[in-house]
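Residue numbering restarts at 1 for every chain, and letters A, B, ... go by the order of the sequence lines.
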Amino acid sequence: MTENVRVRFAPSPTGNLHIGGARTAIYNWAFARRHGGAFILRIDDTDPERSTAENTRAILSALRWLGLDWDEGPEAGGSHGPYFQTERAPSYAAALERLRAAGALYPCFCAAEDLAAKRDAARAAGASSGYDRACRDIDPETAAARIARGDQHAWRLRVPLDRGDITFVDAVRGESTFTSEVMDDFIVARSDGSPTYNFATVIDDVEMGISHVIRGDDHLSNTPRQILVFEALGAPVPTFAHLSMIRGADGKRLSKRHGAASVEEYRDLGILPEALVNYLALLGWSLDDRTTIIDGKTLQESFSLDRVSKNPAVFDHEKLEWMNGVYLRELSPDAFVERMVPFLVTAGLLSPDAAADSREQLLELVPLLAERVKRLDEVPPLVHYLFTDTVVIDESAREKVLRKPGAAEALDAAADVLDRLGEFTPSTVEEALRSVPEAIGHKPKVVFQAVRVAISGSTVSLPLFESVAILGKPRALDRIRRARAACQG
RNA sequence: GGCCCGUUGGUCUAGCGGUGAGGACGCCGCCCUCUCAAGGCGGAAAUCACGGGUUCGAAUCCCGUACGGGCUACCA
């Protein structure tokens, strides 16, 4: 069963790549890799109202950013294309024709409004609201005549009356049964001739040789219908695996109102793709009883559907950020710089062309930054004071530190001692500043906090001695002297 | 309303008839310390949704209830 694994991720380009979609893609990808199979990307763009080329581009780039490579699909080619549903009309038409000729379909002349009215009535009466098969027994001649006359009609699947219950074994949820009573003759082709989702998907899955359909839980109830189409087509039914939804803290399915819900947003927040993949992989799947950090390679080697959890998972931003911090700290200094530069640029602290020249200085910052940020977008505010000429002293920092006894003496002494320094490095700065507390008779904390506020404008900053050294003597002294004016006494 | 799915600390999970119910995030405390972090150590936190069975024995198997979610379109 390891042979011929072919799975697909089939997003509708109606928006950016959603977190839930990303997880589905990751599972499909990992499953394909694990079994040496093919991971196929198909774009389900049959809804012309909402599908856009722009969204397709965004989805492809998000997938690539996550590091999910597809073997067949847009920009990858493949022998089972085309991979856009809008380009597959001939396939759908041929399948429709074949089924029609075989008598597996029948035209339905019911008006959409009438159907809706019947549905509402049935529901109000407490019954299931499936189609009543009003057109199923119209005799072929009459039907043909009405079609010839130009009557509007959709095509429905003639579900065999003796089909019985539909049972299938879901690879994550186990056996599942849908009683035949709830299976109505659903529409397979709209009155404009276009195929419906449940039909088009099956045609595609058949023609693309899909062996396992791994998708969101929201498709679970579509499954029996699709099985009926596979059967009508005389095609083997693939294995299904339904993934439970990802929810927000309120239990509702994750959406923009819960904050960031798309891959793109997390990228802009400074979440690393490897961290997002790791987090999502373990949100609903586990390797064992202890693994929390797992790399892509291990994921590809060990992913299995039988360890996918059946229960819906609540997306936990805090855990994702913690995990991102872990990955950030594992980055080499070079890689860290590379990843943070875009954030410095968008924050206006660095011009794109200056990035290369400042590489040395940026590398110096890495050890100071890596252990105190969880997201890359936290970098600019943390380093801001090192990139500007004038620093604005935070009001509460002024109150809490500069207006306290000892601050004035500390700044005077610090300026004095730093001014005498020849070599201006973290260690010489440290040595100099450490002599101040004793000299003026105040606690080290009083001195260091005063200098910190003077040079960074805040009570929280990167390590002090390094910061002073990076600023350089003139700028450091200038800031300390300016801050001195804000002290009392 | 109908159909379907789910239910282990606040959250993600391990567990698959006999465990002190394990790990992770978060939280609390201590240590380290120039702030903030990171790191180390320790702690609180789960009558395994509830009620019935089955069994010598149930978080694990069965039934029911409650709660939550999904689907219910000529959307995907």
Side-chain angles (χ1 to χ4, degrees), chain A residues 10-14 44-47 49-51 85 108 110-112 115-116 119 122-130 152-156 170 173 176-179 181-184 186-198 200-201 216-224 242 244-245 247 249 251-253 279 282-293 307 309-323 325 329 368-374 382 397 401 430 433-434 437 444-449 451-453 456 458-465 467:
Chain A
S12 294
T14 54
D44 283 7
D45 56 352
T46 48
D47 181 354
E49 304 293 305
R50 299 184 298 157
S51 300
Q85 286 193 325
C108 172
C110 299
L115 291 174
R119 212 164 27 235
R123 186 184 293 210
S128 63
S129 50
Q152 282 283 300
H153 63 286
W155 288 88
R156 289 181 182 272
D170 187 285
R173 340 191 71 101
S176 203
T177 298
F178 288 78
T179 60
E181 293 97 76
V182 307
M183 290 315 308
D184 61 351
F186 56 96
I187 291 177
V188 124
R190 303 184 188 98
S191 43
D192 66 358
S194 64
T196 56
Y197 167 76
N198 279 132
T201 306
D217 214 351
D218 46 344
H219 289 290
L220 189 58
S221 39
N222 283 326
T223 307
H242 289 94
S244 55
M245 309 266 81
R247 307 202 188 159
K252 302 274 190 280
R253 67 194 281 174
Y279 179 73
L282 258 23
L283 192 68
W285 175 78
S286 60
L287 173 63
D288 52 33
D289 63 339
R290 58 192 63 257
T291 303
T292 305
I293 299 298
R307 289 194 66 85
S309 168
K310 295 190 240 305
N311 7 333
V314 173
F315 194 88
D316 184 355
H317 295 262
E318 291 207 85
K319 189 164 185 175
L320 203 214
E321 295 196 1
W322 163 79
M323 197 173 276
R329 273 171 253 128
L368 311 181
L369 281 169
E371 66 191 26
R372 57 202 96 220
V373 295
K374 289 183 169 157
L382 263 180
V401 177
E430 173 165 12
L433 289 179
R434 284 210 188 271
K445 184 170 276 187
V446 172
V447 174
F448 296 145
Q449 280 301 77
V451 177
R452 183 188 311 284
V453 170
S456 75
S458 162
T459 54
V460 175
S461 79
L462 296 182
L464 187 59
F465 312 129
S467 294

Measure the distance from [atom1] on [X] to [atom2] on [N] and round it to the nearest whole Å.
{"X": "A:Trp285", "N": "B:A24", "atom1": "CH2", "atom2": "P", "result": "18 Å"}
{"X": "A:Arg119", "N": "B:C74", "atom1": "CZ", "atom2": "P", "result": "5 Å"}
{"X": "A:Asp217", "N": "B:U7", "atom1": "CG", "atom2": "C1'", "result": "14 Å"}
{"X": "A:Phe448", "N": "B:U35", "atom1": "CZ", "atom2": "P", "result": "9 Å"}

Of all heavy-atom pairs between [X] and [Y], which one has the smallest distance, and what is that distance?
{"X": "A:Val314", "Y": "A:Leu283", "value": "O-CD1, 3.9 Å"}
{"X": "A:Val401", "Y": "A:Thr459", "value": "CG2-CG2, 3.8 Å"}
{"X": "A:Pro312", "Y": "A:Arg247", "value": "CG-NH2, 3.0 Å"}
{"X": "A:Ser244", "Y": "A:Lys310", "value": "CB-O, 3.5 Å"}

[N] and [M]: how far apart are their [atom1] atoms, nearest whole angstrom?
{"N": "B:C3", "M": "B:U11", "atom1": "P", "value": "30 Å"}
{"N": "B:G10", "M": "B:C27", "atom1": "P", "value": "16 Å"}
{"N": "B:G53", "M": "B:G2", "atom1": "P", "value": "29 Å"}
{"N": "B:A58", "M": "B:A49", "atom1": "C1'", "value": "16 Å"}
{"N": "B:A46", "M": "B:C62", "atom1": "C1'", "value": "24 Å"}
{"N": "B:G15", "M": "B:U7", "atom1": "P", "value": "13 Å"}
{"N": "B:U65", "M": "B:A44", "atom1": "P", "value": "39 Å"}
{"N": "B:G64", "M": "B:G70", "atom1": "C1'", "value": "23 Å"}

Which listed nucleotide ([options]) is nearest to the side chain of [X]?
{"X": "A:Pro312", "options": "B:G6, B:A38, B:A76", "result": "B:G6"}
{"X": "A:Glu371", "options": "B:A38, B:U72, B:G10", "result": "B:A38"}
{"X": "A:Ser221", "options": "B:C74, B:C71, B:A14", "result": "B:C71"}
{"X": "A:Trp322", "options": "B:G26, B:C74, B:A38", "result": "B:G26"}
{"X": "A:Phe178", "options": "B:C25, B:C4, B:A76", "result": "B:C4"}
{"X": "A:Gln449", "options": "B:G70, B:A24, B:C34", "result": "B:C34"}
{"X": "A:Arg452", "options": "B:A24, B:C4, B:U35", "result": "B:U35"}
{"X": "A:Asp218", "options": "B:C71, B:U13, B:A37", "result": "B:C71"}
{"X": "A:Lys319", "options": "B:C74, B:C34, B:A24", "result": "B:A24"}
{"X": "A:Arg253", "options": "B:C74, B:G70, B:U35", "result": "B:G70"}

Any donor-acceptor pair under 3.5 Å linking the side-chain atoms of A:Asp192 with those of A:Ser194? yes
Ignoring hydrogens and geometry beyond distance, is a side-chain donor-acceptor pair present between A:His219 and A:Thr201 at under 3.5 Å? no
For [N], give its Watson-Crick or G-U wobble partner with both distances under 3.5 Å, or none.
{"N": "B:C50", "value": "B:G64"}
{"N": "B:C32", "value": "none"}
{"N": "B:C27", "value": "B:G43"}
{"N": "B:G18", "value": "B:C56"}
{"N": "B:A73", "value": "none"}

Any side-chain heavy atom of A:Arg372 sitting closer than 4.5 Å to one from A:Pro463? yes
Can you find a side chain N or O atom of [X] that sits less than 4.0 Å from OP1 or OP2 on [N]?
{"X": "A:Thr291", "N": "B:A24", "result": "no"}
{"X": "A:Lys252", "N": "B:G69", "result": "yes"}
{"X": "A:Thr46", "N": "B:A76", "result": "yes"}
{"X": "A:Asn311", "N": "B:C12", "result": "no"}
{"X": "A:Arg434", "N": "B:C34", "result": "yes"}

May I ask you to verify whether the side chain of A:Asn198 and the base of B:A76 hold a donor-acceptor pair under 3.5 Å? no
Which residue lies toward the 5' end of RNA chain B, A:Gly130 or A:Arg372, if each is placed at its nearest nucleotide? A:Arg372
Using the closest heavy atom to pick a nucleotide of RNA chain B for each, name whichever of A:Ser309 or A:Phe465 lands nearer the 5' end. A:Ser309
Looking at A:Arg156 and A:Asp184, is there a salt bridge between them, counting it only when a charged N and a carboxylate O are closer than 4.0 Å? no
With a non-hydrogen cut-off below 4.0 angstrom, is A:Gly284 in contact with a base, only sugar-phosphate, or nothing? sugar-phosphate
